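In what follows, a single structure is set out as structure tokens and then discussed.
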Amino acid sequence: MAVRVDRRAVLAAAGALLAGASTSCTGGSVPARGPATDLLEGRDWAHFAGAVPTRAGVRITRLDRRITRQDGSGGQPNPPVNLRGPHLVFRGDLRIEALLTRPAGTDAYLHLYGETPVVYDEWRQERRGARIGVAGGRIRFDRWDGDSDRPAVTRAFGRDFGDEVRLAVEVRGSRLVLEADGKAVGSVPGRDVFGRGRIWFGADAQGDGDGWTLGGLRAMPLGRGRMSVQDAPALEVPRSTDALRDLAADLDRPIRIGTALAAGPLLTDSDYRETAGEEFSLLTPENDFKPQFVQPRRGVFAFQEGDSLVDFAAANDMQVHAHTLVWFEALPSWMRAEMTHADRRRVMTEHIRAVAGHFRGRVAEWDVVNEPMSDEDEDYTNDNLGLRPHLWFEAMGERYIDIAFRTAREADPHAVLYLNEYGVEEDGPRWDALHALLIRLMERGVPIDGVGFQNHEYAPGDRTDPEVFRRKVRALARLGLKARVSEMDVLVGVGEEDVQARQFAGKLAVCREEPNCTSFSTWGFTDRYGSTADIRHYPPSPGDALPWDASYEAKPAYWALRDALSRSDSGRR
Ligand code: 9MR
């Protein structure tokens, strides 16, 4: 795998040009420059979404990744961060130089993150950082202060910059001094944006055209500053023999214990990484495999975050339960646009072929169809048979499910294929309609292997009796289908930790006991990054739905899960 940028090629392409940037004329006293460190050569830019290391440097593809909300609105830019690449650790002042080569009409941006953003796919918590680039022939600068999605400072300098621009940013005390093609263009207050002494890199292409090339990138300390470069951490983490995954593997009928994970915290938060690898044997990508991330423009794919999750799983002997191919949420806006029914079908099958094909042989299972059942009563009384009338259904009717599963089976013949749904752990019309759907699918020979029961408990009314859930698992067994607990989280209130513990343990006990239940997964494991966070605040306030709190303290729920795996009796009522 071509992971690293080729040393000679980059040096040849960029060395001389960057060296030219050394003639600074910022007006004031110029601090002495320490030795420069090349940040492309020998560093990992191949796991950076959309980036392709080439002989001329790192090619940055225009991804147009955006955050859209559940209803399809919104459009907050969501440019990738090179989390597996180099980052700077420094004290005092420093200088960063970059060579940007772009076709006319393409806007090229380099992001400098003092703290990495927290990225979900319906919101991105922008933290402290800055962005410098060339747009419309001008040098553009933005600064984020970590209290809003929007930049606190936006400036533009100079004009008529050409296709190739040498940019430099100097962190000098509390100011940022900007330079282009060897000349000072301006200086802005830095407001402690790099106060943590760290800088991660990102890049983004906008405007027309497909992208630009980062032909050089290097950094050096200034004056009495100190600087070093760090690469991403090793993915393999130490294992114990007494974690949840070990207890589950030691059962007479072993099952997998899983959780949903995100590439951002995995690569930047060692507590997250270590607990994830130690405790779990199954990994569901929380958002990184969703269409909005992997196919942000039609035919433009970016799998790098997803690949990092798969690499982490492989390094730690975990399996991947991939999520998800066909859903009505987390879609890039182009996928929701008006199109003919035939084109809609083509978009769906091409997406499945490309994504399941990319991960073929590296993931064990797929959620092929996610949440097909409707929440609206009216969809249960007409011809929809309880199916959600979303864009895929509108184009193909119920057969979208058949087509999706058949296409997924062709794309990855060895993956175990699931339909994943919420609110079907309990009795009622949703479950009845799902059960009837499964019978129709089986009769039509659709290659479905199992059903994931999400088991989200967001409110007291969501709590379901494990024995009712057991009946659902058995109903699937009668159809020859597997079952799994796929996304469990239990939001409670102060003093209700025992309620939470009981709910988690009750479902795990059923899964352990029913022969067709293959795995038990929680939707994240620490409240620090839980999906039930209240995002009306900035930064969001964490929820309390997971077995570890926001400081990685195990809660009673964790000990109850261990208990449910350790008891020698069957634990049945
Ligand atoms: O946890 C996920 C959150 O970060 C995303 O914004 C949201 C939309 O893509 O999806 C959340 O995960 C959902 C999962 O994909 C499907 N079942 C419900 C999960 C929790 O909302």
Side-chain angles (χ1 to χ4, degrees), residues 65-76 78 117-126 149 258-266 272 276 282-296 305-306 309 320-333 335-336 351 355 363 365-375 388 390-392 418-425 430 434 451-459 462 484-491 519 521-536 539-546:
R65 269 193 186 164
R66 285 180 179 272
I67 303 280
T68 50
R69 289 187 281 271
Q70 277 185 12
D71 61 3
S73 67
Q76 181 192 354
N78 185 20
V118 180
V119 180
Y120 282 66
D121 71 347
E122 280 160 6
W123 51 279
R124 163 172 167 132
Q125 183 195 330
E126 206 63 63
D149 294 349
T259 192
L261 296 179
L266 195 71
Y272 183 91
L282 184 66
L283 179 169
T284 303
E286 180 172 355
N287 289 315
D288 288 312
F289 280 33
K290 290 178 183 173
Q292 204 179 128
F293 277 89
V294 298
Q295 196 182 180
E305 290 90 351
L309 291 175
V320 177
H321 175 90
H323 172 88
T324 176
L325 292 169
V326 180
W327 195 23
F328 58 96
E329 273 183 38
L331 301 175
S333 52
M335 240 187 219
R336 294 179 194 263
H351 183 80
V355 179
V363 303
E365 311 175 340
W366 264 108
D367 282 338
V368 178
V369 171
N370 196 38
E371 302 174 1
M373 307 314 296
S374 176
D375 286 334
R388 198 183 281 268
H390 55 38
L391 70 179
W392 311 115
Y418 282 88
L419 180 155
N420 189 40
E421 186 55 273
Y422 64 83
V424 286
E425 303 80 26
R430 285 185 112 243
L434 172 62
V451 172
F453 293 83
Q454 293 185 5
N455 277 286
H456 291 290
E457 296 189 9
Y458 296 143
D462 297 340
R484 58 188 298 268
V485 173
S486 57
E487 305 188 359
M488 189 154 186
D489 53 5
V490 182
L491 204 53
S519 58
S521 289
T522 57
W523 200 242
F525 64 94
T526 163
D527 292 333
R528 179 173 286 241
Y529 305 105
S531 80
T532 59
D534 183 348
I535 59 170
R536 284 168 306 175
S541 41
D544 65 0
L546 295 168

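We count ligands from 1, going down the list as the structure has it; atoms in each ligand are counted the same way. Each residue takes its place number in the sequence, starting with 1. Quick caveat, the model's predicted, so the values are computed rather than measured.
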**Asked** Between H456 and W523, what is the ring plane arrangement, given parallel below 30°, perpendicular above 60°, and tilted in between?
**Response** perpendicular
**Request:** Report the relative orientation of the aromatic rings in Y272 and Y529; use parallel for angles under 30°, tilted for 30 to 60°, perpendicular for over 60°.
**Result:** perpendicular
**Request:** Return yes or no for this condition: an N or O of W523 is under 3.5 Å from an N or O of ligand 1.
**Result:** yes
**Proximal atoms of ligand 1 relative to H323 (non-hydrogen, under 4.0 Å)** = 14 (C), 15 (O), 16 (C)
**Request:** Compute the shortest N/O to N/O distance between N370 and ligand 1 and return yes if it is under 3.5 Å, no if not.
**Result:** no
**Request:** Report the part of N287 in contact with ligand 1, treating N, CA, C, O as backbone and CB onward as side chain, heavy atoms under 4.0 Å; options are side chain, backbone, both, neither.
**Result:** side chain
**Request:** Find all atoms of ligand 1 within a distance of less than 4.0 Å from any non-hydrogen atom belonging to Q454, and give their numbers and elements.
**Result:** 17 (N), 18 (C)
**Message:** S521 and side-chain contact (heavy atoms from CB on, under 4.5 Å): which single residue from H321, R484, H323 fits?
**Reply:** R484
**Asked** Taking the non-hydrogen atoms of Y422, is any one of them nearer than 4.0 angstrom to ligand 1?
**Response** no
**Complete:** Counting from 1 in the order shown, the ligand 1 atoms closer than 4.0 Å to a non-hydrogen atom of E487 are 14 (C), 16 (C), 17 (N), 18 (C), 19 (C)
**Asked** If you measure only the distance, is there a donor-acceptor pair under 3.5 Å linking the side chains of N78 and Q292?
**Response** no
**Asked** Under 4.0 Å from ligand 1, counting heavy atoms only, is it the side chain of Y458, its backbone, both or neither?
**Response** side chain
**Asked** Would you say the side-chain atoms of D462 and Y422 include a donor-acceptor pair closer than 3.5 Å?
**Response** no
**Asked** Taking side chain as C-beta onward, heavy atoms only, is R66 less than 4.5 Å from P296?
**Response** no
**Smallest separation among heavy atoms of L325 and V368, with atom names** = CB-O, 3.6 Å
**Complete:** S531 heavy atoms within 4.0 Å reach ligand 1 at atoms 1 (O)
**Message:** Using a 4.0 Å cut-off to any heavy atom of A330, which atoms of ligand 1 qualify?
**Reply:** 9 (O)
**Item:** Proximity to ligand 1 by part of N420, non-hydrogen separation under 4.0 Å
**Value:** neither
**Asked** For atom 10 (O) of ligand 1, which of K290, E329, E286 has the closest heavy atom?
**Response** K290
**Asked** Among V294, L261, L309, which one satisfies side-chain contact (heavy atoms from CB on, under 4.5 Å) with D288?
**Response** L309
